[in-house]
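One structure below.
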There are 2 protein chains.
Amino acid sequence: MAKQNKLFSPLKTTRSFEQVSANIKKLIFDGVLKPGDKLPPEIELSHQFGVSRQTIREALRILELSGFITVQKGGSGGPLIQNTILHTIHALFLDAFQMEKISNQELISARRDIEKVVLARVVEKADETDFDRLRDNIHRAKNKIENNLLATDENIQFHNLLAEAAKNHVYVIVMGSIMAVERELMSRHSPEEDASTSSFQYTEGILKSRHAQEYHEGILNALVERDLPRAIQLMDAHLQEVEERVQLFLK
Amino acid sequence: MAKQNKLFSPLKTTRSFEQVSANIKKLIFDGVLKPGDKLPPEIELSHQFGVSRQTIREALRILELSGFITVQKGGSGGPLIQNTILHTIHALFLDAFQMEKISNQELISARRDIEKVVLARVVEKADETDFDRLRDNIHRAKNKIENNLLATDENIQFHNLLAEAAKNHVYVIVMGSIMAVERELMSRHSPEEDASTSSFQYTEGILKSRHAQEYHEGILNALVERDLPRAIQLMDAHLQEVEERVQLFLK
DNA sequence: TCACATTTGTCCGTATGTATC
DNA sequence: AGATACATACGGACAAATGTG
């Protein structure tokens, strides 16, 4: 038992398209190919690698889904080196959530913990540029709310900006993944301001948006003053409210 | 600017293979297809969806890389519904690390924070079953070391077991991702016990294994006694040593 | 042990849609 | 607007691997 402790999947037979994708991946890792560079078209690639176009296409699918390239149709199109790996991870995390590998309770609980850790790092490392970004975020949220619009995107983005201000890509990835799930949960239960949404529900949503935005403002002020305990206290209260809102969705 | 705040990629034109993969994915989400179920062979799928086999294959590549299916060749083979999404996320996190989106400093720093949070949850939620697993892990590590073998796998696994004992899949994913990177770093600089490894280096490695194992033992004892401060203190010292070892690798 | 059926892996050729110049 | 370049998609074919009788 426990023979899979070596690596992820060395047992797979090496298929041609896997070799091709691994090959191109290595060129990207080694810096030979950089974001912005264009890969040769499929036919050219098939000639250079000495495989068929179908094999090339399957290799491109892998690279595309792994977040290494994008593909554009039409003249002067083709495979383009582009780093979209963060999007890919977020999407996969969302998949894991939807596969019920993660419960709502788990998510909110972990989020509480992680947000606190992030706040601590922000107090330690954030500079004026970070604070300016957060201020701008709050400003845009305020504008939307005053115009009777939901500020869901901005309110989610606030937490991602916090993770960035913590100056650690791990937190950016983790927080981004968590917030991707939150965004999905929101969009499920308040799908735009369309006709099906009742006026009451919508006003309710605006109110929640405002509450969140006000908490964000308080948190930012505490962070600027490097007052970690207050920031944490406000974040706790904020997440408490968010949690109650999500619970309402799910019942 | 900032037009991508809606979703990940709504701008993509819907390609056939994407519709196919999305279709199958939905069946899995909805529970119509469950792990263990077999999908029809490619030709059958191409008939049912009314597309070519090439299109089906590209859809299967997506599902495979997303962690929803595995594919086996030969008689009574074919696409099999299987949840390997955790492996997929770990692999992607490793990619992100290798793309230099994450520095070693960032990784170890985030790991310090997260391990502490995990310890707190373990003290709160772990039961005897979890402790038994951890004890078994330490036992196996000890055995290996006494037989003059590296216990790298076991020592990495210890931290994953901690995350599981915290009873939160988010931590399992995050810790698993972090440890996947650690494993990669290790394997890069102590590739098996082959001839190229000098006797001195190897003995050195065994010593490190033993140190780690001893720390793990101490941490487990503290956890069993629900002594969080001591567990954290030992974890800090342990990670300090690990960090220094990694620094040696990278210089 | 050995043939056989099944299914993926890979190839080629061709046609179509689409974006760019 | 037309020509070009490219991805997308189709169909048919053979090779290779794998389980089954």
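Every chain is numbered from 1, with letters handed out A, B, ... down the list of sequences. Note that this is a predicted model, so its numbers are computed, not measured. Note that these values count all heavy atoms, side chains included, but never hydrogens, waters or copies made by symmetry.
- Distance, A/L80 CG to D/dC6 C1': 14 Å, rounded to whole Å.
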Step-by-step side chain to side chain contact (heavy atoms under 4.5 Å, CB included) determination, B/I69 to B/Q82: CA-CA 5 Å; B/I69 68 168; B/Q82 246 183 337; over 6 Å; no
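- With respect to B/D127 and B/R133, no salt bridge is recorded, no charged nitrogen being found less than 4.0 Å from a carboxylate O.
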Take B/I81 and B/T70, measure what side chain to side chain contact (heavy atoms under 4.5 Å, CB included) needs, and give me the verdict at the end. CA-CA 7 Å; B/I81 308 284; B/T70 60; over 6 Å; no
Set out, in order, the CA-CA distance, both residues' side-chain angles and the distance that settles side chain to side chain contact (heavy atoms under 4.5 Å, CB included) for A/L185 and A/N104, then state yes or no. CA-CA 10 Å; A/L185 288 178; A/N104 280 285; 3.5 Å; yes
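- Under a 3.5 Å cut-off, the side chain of B/S66 and the backbone N or O of B/L63 do not form any donor-acceptor pair.
- Closest contact between the side chain of B/P41 and the listed nucleotides C/dG9, C/dT7, D/dA9 involves C/dT7.
- Counting heavy atoms from C-beta on, the side chains of A/F29 and B/D95 come closer than 4.5 Å.
- Using a 4.0 Å cut-off, some side-chain N or O of B/S16 falls inside it from OP1 or OP2 of D/dA9.
- Using a 4.0 Å heavy-atom criterion, one finds that A/E42 contacts the bases of the nucleic acid, with or without backbone contacts as well.
- For A/V71, taking side-chain heavy atoms from C-beta onward, the closest of the listed nucleotides C/dG9, D/dT20, D/dA7 is D/dA7.
- Contacts of residues 43-57 of chain A with DNA chain D (heavy atom under 4.0 Å): A/R53, A/R57.
- Note on A/R61: a side-chain N or O is less than 4.0 Å away from OP1 or OP2 of D/dT8.
- If you take CD of A/Q72 and P of D/dA7, they are 10 Å apart, rounded to a whole angstrom.
- As rounded to whole Å, 19 Å separates atom C1' of C/dC21 from atom NZ of A/K73.
- Here C/dT10 presents its P atom at 13 Å from CD of B/E58, a figure rounded to the nearest Å.
- Residue pairs meeting the ring pair (Phe, Tyr, Trp, His ring centres under 6.0 Å) criterion with at least one partner in residues 157-183 of chain B, sequence neighbours excluded, are B/F158-B/H216, B/H159-B/H216, B/H159-B/H238.
- Projected onto DNA chain C by closest heavy-atom contact, B/L60 and A/G75 fall at different nucleotides, the more 5' of which corresponds to B/L60.
- Rounded to an integer number of Å, the gap from CD of B/Q19 to P of D/dT8 is 13 Å.
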